There are 2 protein chains.
Amino acid sequence: MNAEAHSPDTLMIRKLESNFPLSDEEKQALKGLPVQITHLKADQHIVRTGDRPHHCCLVLEGFTCLFKLSYEGRRQIMALHIPGDMPDLQSLHLEYMDSSIAAISPCTVGFIQHEDLRNICERYPRLTAAFWRETLVDASIFREWLLNIGRRDAYSRMAHLLCELLIRLEAVGLVKDSNTLLMPLTHEELADTIGITAVHVSRTMQALRTQGLVETKKSQITILDWARLQEAGEFDPLYLHLRDDS
Amino acid sequence: MNAEAHSPDTLMIRKLESNFPLSDEEKQALKGLPVQITHLKADQHIVRTGDRPHHCCLVLEGFTCLFKLSYEGRRQIMALHIPGDMPDLQSLHLEYMDSSIAAISPCTVGFIQHEDLRNICERYPRLTAAFWRETLVDASIFREWLLNIGRRDAYSRMAHLLCELLIRLEAVGLVKDSNTLLMPLTHEELADTIGITAVHVSRTMQALRTQGLVETKKSQITILDWARLQEAGEFDPLYLHLRDDS
DNA sequence: CGAGTGTTTGACTGTTCTCAAATGTCGTGG
DNA sequence: CCACGACATTTGAGAACAGTCAAACACTCG
């Protein structure tokens with residue numbers, strides 16, 4: 001039920017394999033990857049725009065986010081990453097970071113040297129394909145978020161985000177009981193994710209509550225009416241490219 | 001000056017090589033790829049959401065766009081592709097199309113079978129890396145667009161888009177004289193690209209003209225004040241990951 | 001218990017949307 | 001070459017959604 005129970009390799013293997021069956025040899029190779037485990041406080045930066053990292057990050061516990069700032073200091077979160085995700089896999093082939101990554105909640109992450117990843121990819125081309133695919137799914141999520149932010153109102157955007165988080169967290173076994181998300185995101189962070197303000201997040205969540213779609217208690221959000229939440233968010237999980245169509 | 005002059009291979013090789021030096025052997029292999037040339041009318045679909053394509057598309061002439069529709073039929077264009085771009089390279093590893101692709105202007109495109117691409121990648125791992133990198137740059141542009149749409153007003157968004165188009169078109173030698181873009185995009189399409197309405201595009205372009213940043217004549221846009229346009233759009237080309245920092 | 005942070009509420013403002021009509025542009029066929 | 005229709009752009013006025021600012025309230029953690 002909790003990611004803590006898994007070793008870094010297990011988490012990564014499960015993620016990769018969910019869409020891309022791996023041989024025992026390939027799995028062994030992944031298990032052999034040196035991973036440097038690090039604990040991060042909330043809001044701590046992992047990499048910054050302009051950096052030239054020599055390792056990739058694997059989220060083991062907690063949430064991280066990928067973001068940019070506009071000149072007036074307004075933040076846009078471009079991606080949320082949960083255990084099993086590799087937020088900066090793109091740095092393997094893009095020299096400079098074009099965005100920053102930070103921990104949202106206290107996190108445990110594992111760092112894997114680019115060199116080690118390149119070696120393993122060279123030896124096992126199917127792993128290259130599996131990692132490549134991960135970055136393609138990330139891109140697919142960016143596309144869906146563009147639609148979400150560009151063409152839906154605040155109510156739909158929020159509904160959509162909640163749907164996505166539920167499905168993604170479920171996929172890695174991080175959803176408690178029935179449809180309850182443990183949400184470490186503040187309204188400020190939710191606002192920066194869907195391109196509105198924190199004040200408007202407050203009002204929008206209230207509307208979702210009034211409509212009986214969700215219920216919030218402290219930092220957890222329970223989805224009361226999955227069908228209507230999906231409808232409100234125009235949510236179709238195709239873009240997540242999960243093997244098992246839920 | 002015009003893409004018509006180039007063979008499909010030349011265009012693709014130049015694009016890949018601009019960031020990723022290739023050996024003669026690798027270039028020969030690319031030249032040997034079977035490419036099926038097709039001419040498309042404006043607005044013709046290339047692939048649709050839900051399709052399972054068995055080939056990738058290479059734009060040779062004209063513009064194409066990648067888009068999704070919301071339930072109410074509002075369109076969001078997630079990417080614009082110009083000669084040299086491969087709009088659906090992601091289909092190599094993602095089974096289902098999560099977006100549609102259509103020609104914006106009359107286009108010439110080349111189709112390359114997935115099988116042929118997979119073979120060439122298997123034989124030349126550096127080409128795998130080069131293609132992978134292309135998809136990572138696409139993703140980087142999605143991220144910048146998320147910031148653009150999520151956190152900038154219409155005026156900045158439009159300025160940013162014009163900056164990006166100028167740089168990208170320049171990179172493939174498609175900019176006439178000094179800073180003049182041949183823009184096949186209608187206001188409707190510009191609107192769908194930056195998440196506003198066509199009416200507001202009209203007003204926004206007018207504001208850019210009034211400020212002396214651009215000049216429009218028929219379907220061409222001339223950038224009169226590059227420095228101020230960049231400033232207005234908060235444009236920093238880092239995210240395009242071009243080798244030669246312009 | 002108190003400080004700091006996060007959330008809610010209210011009143012007001014502003015950007016962008018919507019709808020509708022007028023004007024402009026382009027390609028086609030007479 | 002002109003007339004026509006189709007489509008694209010511009011303009012105006014009013015409405016709607018979301019932003020801003022400010023204050024009150026709630027929660028959490030030393």
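Please read these numbers as outputs of a predicted model, since none were measured by experiment. By convention in this document, chain letters (A, B, ...) are assigned in the order of the sequence lines, proteins followed by strands, and residues within each chain are numbered from 1. Basis for what follows: all heavy atoms, side chains included, without hydrogens, waters or symmetry-related copies.
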In whole angstrom, give the distance that lies between atom CE of A:M183 and atom P of C:dT7.
10 Å
Applying salt bridge (charged side-chain N to carboxylate O under 4.0 Å, His left out), can you list everything that pairs with A:E164, at least two apart in sequence or on another chain?
A:R168
Quick one: which residue pairs count as a salt bridge (Lys or Arg N to Asp or Glu O under 4.0 Å) with a foot in residues 134-152 of chain B, not counting sequence neighbours?
A:K68-B:E144, A:D98-B:R143, A:D192-B:R151, B:K15-B:E134, B:E144-B:R152, B:R152-B:E234
In whole Å, what is the span from the NZ atom of B:K217 to the C1' atom of D:dA8?
20 Å
With sequence neighbours excluded, residues passing side-chain contact (heavy atoms from CB on, under 4.5 Å) with A:E231:
A:R228
Whole-Å distance between D:dC17 C1' and A:M158 CE?
15 Å
Using a 4.0 Å heavy-atom cut-off to protein, can you give one letter per nucleotide of nucleotides 24-30 of chain D, 5' to 3': B if the base is in contact, S if only the sugar-phosphate is, - if neither?
----S--
Could you tell me whether A:H160 and B:Y71 have their ring centroids closer than 6.0 angstrom?
no
Can you tell me the distance, in whole Å, between the CZ atom of A:R74 and the P atom of D:dA18?
13 Å
Tell me, which pairs form a side-chain hydrogen bond (donor to acceptor under 3.5 Å, both in side chains) where one or both residues lie in residues 203-214 of chain A, sequence neighbours left out?
A:R209-A:T216
Partners passing ring pair (Phe, Tyr, Trp, His ring centres under 6.0 Å) against A:H187 (at least two apart in sequence or in another chain)
none
Hits for side-chain contact (heavy atoms from CB on, under 4.5 Å) against B:T186, two or more places apart or cross-chain, chain-then-number order -> B:E188, B:E189
Under a 3.5 Å threshold, yes or no: a donor from one side chain and an acceptor from the other, between A:T49 and A:S100?
yes
Inter-end axis angle, the helix from C:dC1-D:dG30 to C:dG30-D:dC1, with every axis fitted to five base pairs (rounded, 10 degrees):
40°
B:R209 side chain N/O closer than 4.0 Å to the phosphate oxygens (OP1, OP2) of D:dT9?
no
Of A:R157 and B:D43, the one whose closest DNA chain D nucleotide lies more 5':
B:D43
To the nearest Å, how far apart are B:R152 CZ and C:dT15 P?
18 Å
Run the side-chain contact (heavy atoms from CB on, under 4.5 Å) test against A:A232 and tell me which residues pass, sequence neighbours left out.
A:Y155, A:A159, A:L213
Partner residues of A:F67 under the ring pair (Phe, Tyr, Trp, His ring centres under 6.0 Å) criterion, sequence neighbours left out
A:H45
A:T108 meets the side-chain contact (heavy atoms from CB on, under 4.5 Å) criterion, sequence neighbours left out, with A:I37, A:H39, A:L60, A:E61
How many whole angstroms separate atom CD1 of A:I221 from atom C1' of C:dT7?
13 Å
Is there a residue in residues 186-207 of chain A whose heavy atoms reach under 4.0 Å of DNA chain C, and which residues are they?
A:T186, A:H187, A:V199, A:S202, A:R203, A:Q206
